[in-house]
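Hydrogens, waters and symmetry mates play no part in the numbers below; they use all other heavy atoms, side chains included.
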Amino acid sequence: MKKSIYFAGIIILFISGISCSDDFLSKNEKNLYELNDTLKLDNRQTNVQVPVQLPVLTDGSYTLFMQPKWLSFNVMKGKVTKGKFILDFDILNDYYKNVYEIFYATVIIDIENLGLVGFTVSYENSGFPVLEFTPSVLRFDSFNYQTLTIRNTSEGLLKWKITDIPEWLYLYPEAGSLQKDQSTMVMIHILPDPLKIYGQTSAELQLVSNSTNGNLILPVQIDESLVVQKDLVEIAGTVTDAEFSQESGIMAVITKSPDNLIIYNTSTKESRILSLPHSPKCISISEEGDKAVIGYNTNLAGYWDLDNSELLRDYTIDCTPFDIVFGENGWCYISPDEGGFTGLRNLNLATGELSVTGSSSVLIYEKTTIAKMQGKPFIVGTRILTPSGILIFDISGGRANDKITYYHTCADQFWIKKDGTRLYTYHRLVYYLPPYDGEYHPFDPPVFAHIESSSPYITSFGESPGSGTIYTASTFYDNDPQYNAVIEQYYSGNLRKIRTFYVSPVFINENGTKELYKTSVRYLFADKYGSYVYAVKNLREYYHRDYWTIETVDVR
Amino acid sequence: MIRPLLAANKRAGRLLLIPVLFSFLVTAVYPQDKTISPDKDIKGLRNKGTPGNLKDVTAFEEMFTGSTSNSRIRFDMNAGAGYLLAGTWKARDALVSQGADPRGAESYYKNLKTGWSTGAGLTYMIKPQLGAGFRYRFFYTSGSLTGFFDPQDGIHLLYGTYGEKICVNFYGPSLSYHISPGYRKLQVHFAYSAGMTTYRNEAEYINNYLLISGRNLGIDASMGLEYFITDYLSAGAELSSFVTSLRKINLSDGTNSSSVKLDKKNYENLSRIELLLGIRFYFWNR
């Protein structure tokens, strides 16, 4: 009897025990972790196996807790080993049939000893589009834009994008999407300046898309005439000097090997080549462009009639000319190539009389660069000494006056403003050009401004009075291919930069194939109207070879 | 309190009448004078000149005193099956609408309606036929359904288990009426009890766990038949109907708790019928 009562008591206690525990509610205290990765799926997949690596090396079992309706997992439970497990599922592609967009959902996995781990899954249903495009090849023989037509010819949403676009091509739009039977036009422009820089004549654009026919290639071919200037003037030999007359548009270029005088009419694009009797060193032409004096690599100077392409007279002088100036007064002036401290040679073109100015001074040195002020009886010069100084000669009396104005400064290479008021220098400083006074000034002339060019030094200069603009170029970076050869345009009034023009490369035939070479400017001239700039160019210095050309740059 | 309880469980409430009617029926079959005034009949037998035959007199007494046992204390323990009477079709449809498999939902609620039940009672027999005491009943049922559920966001499916573990405790005073149908080793009894019912439901809804609890008055009516193995021990079976429903429930997820008053249509019906087997102990003879 007692045993029965005890037994009954135990049963009642057991029942009470199992019916009063709230421990199961602690299962609600699960942590939720979110993985940053997004699992990207698309309608071309059916069965997918995705390895999952958790950020923690946990072991235990996992159960899929939440999933999108468009996935069917082959197993809902599995094992996690050191934070790794594999999800194996099928994509129910019919779930979003004919709805072409990207769907996002969340997968949450209940992982033992860790909690709930969720991540985003995307499903892109783009159907099965087919990309077709016309034309199959883009051929440019002008700078006019061309259009490319892209079409989706099949069911689905075509997403396309054009890649591998070279710097010298501009495309709009570069990407888009198309429903079935829709098409779009892509405008393709050639950018002339970058085309010059890169000098490429072909490219292959990649048409990247979700088309069932995969990514496609669109060849682009550029006519060579677009890469190099059509009317590029080739110059045989090595250019030793060049001068330009803004009044006539005549450019005179002298070369050695062969020894030639090339008279190039920039208006008519015609040129005449005159053979010279000696190797030329320097040239100066009249402001009207009808006469020229040439200094040879020997004790000789020549006087030429450019209009008639004839030699008027040769002169024997007492030195090898380094530089020469046509004086517009029946005289020419020559700086010697050697002799240390020396004097300026005055050559009477009519009589052949030769005299020396400043021979007793220590102001004039060999290899002095000289230039005449346009419309004024003065010559400006700088020496190769340090400092180079600024020399101003008075030639109003024919023979240069022995009294020389001198400023003790470092100007080096220089260019005189057409109106004679300023002096542009190699170091980018612009001086007010002081008046001739025949005095020695142990200081700088007043400074006007500084040219903010991309290169620290200027080696070529041109001025267009009609447009109030100046142009600079430099060979300072000529040995460094990463720098492009450019012509920079500024307002002459405030020296503010306006534009940058890139210098065209050239093709040179080598053993039957055309090789592209980059060039740089050595002489720069501007027409007086501000329409064109003429660049006498050579190959860049790192090629260590000559190939001279004249490029006309439209700066309007 | 009982009236609205019965009104809310009309079908279950009618079950309470079965033991009542049956007790009246039994009383009618065995007339009052045979059961209520045995002393008179015994005296009659004795006056008929059979005073020496005490064995016959005792047998006669046992036959007509209404109760086989002459003990003052009765302790009974029962265990068996219970069947919840609440309708589940609404809940089943709701579960199906959440993406559950219809057959799984059907099976889930079928399992949930059937549970096992235990109970115990301690009765003081005021008279051999009439007792008063205390009655305890426990009912447990559970069900679970594992599969996919639709959170109705148009995008996702949830995979997990939908399950419930329901415990219903009842305890309260009882009145019982015992009668012997004519054979000394058999006894029929009827018991009525009204008391407190506590409800506890450990619910799992796809990784969310919830404790649902509540309490209300309940009524239990039972009738049983027992066979006396010895004078102090009998085995019996009883059929019981239990009626109650919850008007208010408490919800707790372990962190947050709240109380919800249920709409009249949504009262939690815990009424059930039970078939129990058990043993009874009899102490303290008169």
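Open room surrounds CE on Met185(A); 12 or fewer heavy atoms of other groups in view lie less than 6.0 Å from it. Counting non-hydrogen atoms of neighbouring residues, nucleotides and ligands closer than 6.0 angstrom, the OH atom of Tyr145(A) reaches no more than 12 such neighbours. Applying the 6.0 Å contact sphere to CZ of Phe119(A) captures more than 12 heavy atoms from other residues, nucleotides or ligands. A 6.0 Å sphere centred on CG of Asn36(A) holds no more than 12 heavy atoms belonging to other residues, nucleotides or ligands. Under a cut-off of 6.0 angstrom, the local environment of NZ in Lys30(A) is crowded, with over 12 non-hydrogen atoms contributed by other residues, nucleotides or ligands.
Taking CG from Leu210(B) and CG from Asn28(A), the interatomic distance works out to 8.0 Å, rounded to the nearest 0.5 Å. Atoms NZ and OH, on Lys27(A) and Tyr209(B) in that order, are 4.5 Å from each other to the nearest 0.5 Å. Note that the CG atom of Leu64(A) and the CG atom of Leu157(B) stand 11.5 Å from one another [nearest 0.5 Å]. Distance check: Met76(A) CE to Thr146(B) OG1 gives 11.0 Å after rounding to the nearest 0.5 Å.
Of all non-hydrogen atoms in Ala105(A) and Ile155(B), the two that sit nearest each other are CB-CG2, 3.6 Å.
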Which is it for Glu204(B) and Phe24(A) under the side-chain contact (heavy atoms from CB on, under 4.5 Å) test, yes or no, and what are the steps along the way? CA-CA 9 Å; Glu204(B) 176 186 0; Phe24(A) 76 103; over 6 Å; no
Could you walk me through whether Asp22(A) and Leu211(B) pass the side-chain contact (heavy atoms from CB on, under 4.5 Å) test, one step at a time? CA-CA 8 Å; Asp22(A) 292 350; Leu211(B) 174 62; 3.5 Å; yes
May I have the step-by-step check of side-chain contact (heavy atoms from CB on, under 4.5 Å) for Asn207(B) and Leu116(A), ending in yes or no? CA-CA 10 Å; Asn207(B) 265 336; Leu116(A) 299 171; 4.0 Å; yes
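Of the charged side-chain nitrogens involved, none lies within less than 4.0 Å of a carboxylate oxygen, so that Lys69(A) and Asp153(B) do not count as a salt-bridged pair.
Neither the backbone nor the side chain of Ser213(B) has a heavy atom closer than 4.5 Å to any heavy atom of chain A. Both the backbone and the side chain of Thr106(A) come within contact range of chain B, each with at least one heavy atom under 4.5 Å from a heavy atom of that chain. No part of Phe73(A) comes within reach of chain B, as not one of its non-hydrogen atoms sits under 4.5 angstrom from that chain. Only the side chain of Phe148(B) has a heavy atom closer than 4.5 Å to any heavy atom of chain A. Residue contact with chain A, scored on non-hydrogen atoms closer than 4.5 Å, involves the backbone and the side chain of Ile206(B) alike.
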